[in-house]
Amino acid sequence: MPKLSPGFYQQEDVVALARQLLGKQLYTCVNGVLTGGIIVETEAYNGITDKASHAYGNRYTSRTAPMYQAGGIAYVYLCYGIHYLFNVVTGRENNPQAVLIRGIEPLEGKEIMLERRNMTRVLPRITAGPGALAKALGIDKQLNAKILTGNEIWIEDSTISHHDSQIVASPRIGVAYAQEHAFLPWRFYVKGNPYVSKLNR
DNA sequence: GTGCGGATGAACT
DNA sequence: GTTCATCCGCACT
């Protein structure tokens, strides 16, 4: 399938875009090795007014800088000193929105994913959760700020179209510090898919 | 320069 | 359900 175009990423409604990313296919080609899967879980981070966003209050630092670029690039950062988390930057330049990819269903390069994850067979935890899928796809800070229409990391369109009844909207994970914004239903996932992290929320 | 804590996951009890 | 690995971004001095 064709890669998603800059116009897709530059939509202004990051919450709607997070919903639309479900079913699309995320690929990486790291060290010449292709891996990829179907996006089944996302979270929207809504710019400078969202207390859970790294760009809350228009915070601009070397880490958050990629979020301020025009939509269509990667924002990868290290969390808890251990895990890399991959986000899709969205919206216009200087509107720092992003969608965190939290779960994918493996499609391509499963053997490589098993190696990277130190596993012997494909279990859901291989790519369920943002840290897990980043490791399986070989995503680290080397891919930070890379354009998503390039040949290292990209997202392809899909014929998969989920009916609203198959999609769950729920509060985001791990953002209790965001106070009133912690309860916004800006997490989206495919109902019943085993590659969704923390299914019972 | 220092100190705090986090958009997690795995291995425990 | 609880603990902990392990780093650096960020705020403040």
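Values reported hereafter were calculated over all heavy atoms of this structure, with side chains retained and with hydrogens, waters and symmetry mates removed. Numbers restart at 1 for each chain; the letters A, B, ... are given by sequence-line order, proteins then strands.
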Q: Measure the distance between the ring centre of A:Y80 and the centre of the six-membered base ring of C:dA5, then answer whether it is under 5.5 Å with planes under 30°.
A: no
Q.
Taking the nucleotide of DNA chain C with the nearest heavy atom to each, does A:C79 or A:T64 sit closer to the 5' end?
A. A:C79
Q | Presence of salt bridge, A:E43 and A:R172, under 4.0 angstrom | A | no
Q: Look at the side chain of A:R125 and decide which nucleotide, out of C:dC10, B:dA10, B:dT8, has an atom nearest to it.
A: B:dA10
Q: Could you state the atom-to-atom distance from CD1 of A:I82 to C1' of C:dC4 in whole Å?
A: 8 Å
(Q) Let's test this: given Watson-Crick or G-U wobble pairing with both distances under 3.5 Å, identify the partner of B:dA7. (A) none
**Q.** Earlier contact from the 5' end, DNA chain C, for A:H83 and A:K141
**A.** A:H83
**Q.** Minimum-distance nucleotide (side-chain atoms of A:N87 versus B:dA7, B:dT8, C:dG9)
**A.** B:dA7
Q: Can you see which heavy atom on A:I39 is nearest to which on A:L21, and at what distance?
A: CB-O, 3.5 Å
Q: Could you tell me whether A:K3 and A:E156 make a salt bridge, using a distance below 4.0 angstrom between a side-chain N and a carboxylate O?
A: no
Q: Could you tell me whether A:A52 contacts a base, only the sugar-phosphate backbone, or nothing, with contacts defined as non-hydrogen atoms closer than 4.0 Å?
A: base
Q: Go through C:dC8, C:dC10, B:dG9 for me and flag the one nearest to the A:R59 side chain.
A: C:dC10
Q) C:dT6 pairs with which nucleotide, Watson-Crick or G-U wobble, both distances below 3.5 Å? A) none
(Q) Please verify the inter-ring angle class for A:Y75 with A:H54; under 30° counts as parallel, over 60° as perpendicular, anything in between as tilted. (A) perpendicular
